[in-house]
Structures are given as structure tokens and as C-alpha cells.
Amino acid sequence: QVHLVESGGGLAQPGGSLSLSCAASGLTFSSYAMAWFRHAPGKRRSLIAAITWNGSGAYYAEIVKDRFTVSRNNARNTVTLQMNNLRAEDTAIYYCAAGRGRGIAQNLPGYEYDYWGQGTQVTVSS
């Protein structure tokens with residue numbers, strides 16, 4: 001069965017950085033686009049970043065553009081979210097997700113992300 005396991009969450013100060021990782025198993029990794037979502041209390045779950053099957057293109061929500069970077073390593077079946085210049089508003093549970101397809105970056109927000117990790121907590125506070 002498919003498993004996605006996030007790691008790297010924790011506590012950071014405003015302006016600080018964290019790097020999240022997601023390890024995938026049970027799927028042909030290069031057949032899937034990968035994405036990061038987050039869910040904060042009182043807010044709806046939202047797509048933060050996504051990356052195409054081969055890493056050639058990426059999508060970022062406007063609120064994290066120029067602060068977060070998504071990357072993938074298909075040889076290791078991993079996807080990473082590097083988060084810089086963190087803000088208190090970034091506090092949320094972050095989820096890794098996989099959607100089958102080899103489309104272009106513009107299609108990433110419309111993918112059906114069928115497989116999800118358990119989530120990892122990110123807290124930004126002074």
C-alpha cells in the first residue's frame with residue numbers, strides 16, 4: 001500500500017527556517033505529482049506548493065511564493081519543502097500528498113491528490 005511519511009516539523013521563530021521532508025513508498029514515484037498542503041485552526045486546508053513528476057515545474061500559493069521552495073529526488077522517492085522567512089501565519093499542520101499524472105506545472109492545482117501523509121506540525125512563534 002502507499003505510504004507518505006512527513007518529517008521535519010517543529011518550532012521556529014518568526015524569520016526562521018524549517019525544512020520538511022516526505023518519504024514515499026508503495027507507488028511508482030515518478031508517475032506522480034507531489035504537493036504540500038497545510039491546515040491551520042479556523043482556516044480551510046489549502047495547497048501551498050506542488051511539483052511535477054520530474055521536478056521540471058512547480059506551483060506556489062501566492063502567500064508563500066519567494067519564501068518556500070519545493071523540490072524532489074526521484075532516486076530517493078522524496079519531496080522536500082524548504083521554508084524560509086517564516087511567519088506566525090505559517091503555523092499549521094503540513095501534509096504531503098501525491099496525485100497520479102505527468103502534466104505541466106499549470107495543471108498542478110487541479111490534480112486529484114489521492115494519497116496523503118499523516119501530517120507534521122509546524123509552529124512559528126516567538
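All figures in this text were calculated on a predicted structure; none of them were measured in a lab.
- Taking each heavy atom of Leu47 and Ala50 in turn, the nearest pair found is CD1-CB, 4.4 Å.
- Residues that satisfy the side chain to side chain donor-acceptor pair (under 3.5 Å) test with Ser126, not counting sequence neighbours, are absent from this structure.
- Hydrophobic clustering, with ILVMFWY side chains joined whenever heavy atoms are under 4.5 angstrom apart, groups Leu4 together with Leu81.
- For residues 76-89, no residue pair satisfies the salt bridge (Lys or Arg N to Asp or Glu O under 4.0 Å) rule, not counting sequence neighbours.
- Within the structure, disulfide bond (SG atoms under 2.5 Å apart) pairs that include any residue of residues 33-89 do not occur (at least two apart or interchain).
- The hydrophobic cluster analysis finds Trp53 isolated: no Ile, Leu, Val, Met, Phe, Trp or Tyr side chain comes under 4.5 Å of it, directly or through other members.
- Between the side chain of Arg72 and the backbone N or O of Thr52 there is at least one donor-acceptor pair closer than 3.5 Å.
- Applying the disulfide bond (SG atoms under 2.5 Å apart) test to residues at least two apart or on different chains, none of the pairs has a partner in residues 25-85.
- Pairing each heavy atom of Val122 with each of Met83, the nearest pair is CG2-CE, 3.9 Å.
- For Thr120, the side chain to side chain donor-acceptor pair (under 3.5 Å) test picks out no residue, with sequence neighbours left out.
- The cluster map of Ile, Leu, Val, Met, Phe, Trp and Tyr, joined by side-chain heavy atoms under 4.5 Å apart, puts Phe68 and Tyr95 in different clusters.
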Result block: side-chain N/O donor-acceptor pairs under 3.5 angstrom for residues 107-115, not counting sequence neighbours:
unit_1: Tyr111; atom_1: OH; unit_2: Gly103; atom_2: N; d: 2.7
unit_1: Tyr113; atom_1: OH; unit_2: Leu108; atom_2: O; d: 2.7

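- Here the straight-line distance linking atom OG1 of Thr69 with atom CD1 of Ile51 works out to 10.0 Å at 0.5 Å rounding.
- Residues Ile48 and Tyr60 fail the side-chain proximity criterion, which asks for heavy atoms closer than 4.5 Å.
- Asn54 CG to Asn74 CG: the interatomic distance, rounded to the nearest 0.5 Å, is 7.5 Å.
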Which pairs would a plain distance check flag for residues 5-18, meaning a side-chain donor or acceptor within less than 3.5 Å of a matching protein atom at least two apart in sequence or in another chain?
unit_1: Glu6; atom_1: OE1; unit_2: Gln118; atom_2: N; d: 3.0
unit_1: Glu6; atom_1: OE1; unit_2: Gln118; atom_2: NE2; d: 3.2
unit_1: Glu6; atom_1: OE1; unit_2: Gly119; atom_2: N; d: 3.0
unit_1: Glu6; atom_1: OE2; unit_2: Cys96; atom_2: N; d: 2.7
unit_1: Glu6; atom_1: OE2; unit_2: Gly119; atom_2: N; d: 3.3
unit_1: Ser17; atom_1: OG; unit_2: Asn84; atom_2: OD1; d: 2.8

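- Pairing each heavy atom of Thr91 with each of Gln121, the nearest pair is CG2-NE2, 4.0 Å.
- Considering only heavy atoms from C-beta on, Thr80 stays 4.5 Å or farther from Leu20 through its side chain.
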Please tabulate, for the side chains in residues 21-46, all donor-acceptor contacts under 3.5 angstrom to protein atoms that are two or more places apart in sequence or on a different chain.
unit_1: Arg38; atom_1: NH1; unit_2: Asp90; atom_2: OD1; d: 2.8
unit_1: Arg38; atom_1: NH1; unit_2: Tyr94; atom_2: OH; d: 2.9
unit_1: His39; atom_1: NE2; unit_2: Lys43; atom_2: O; d: 3.0

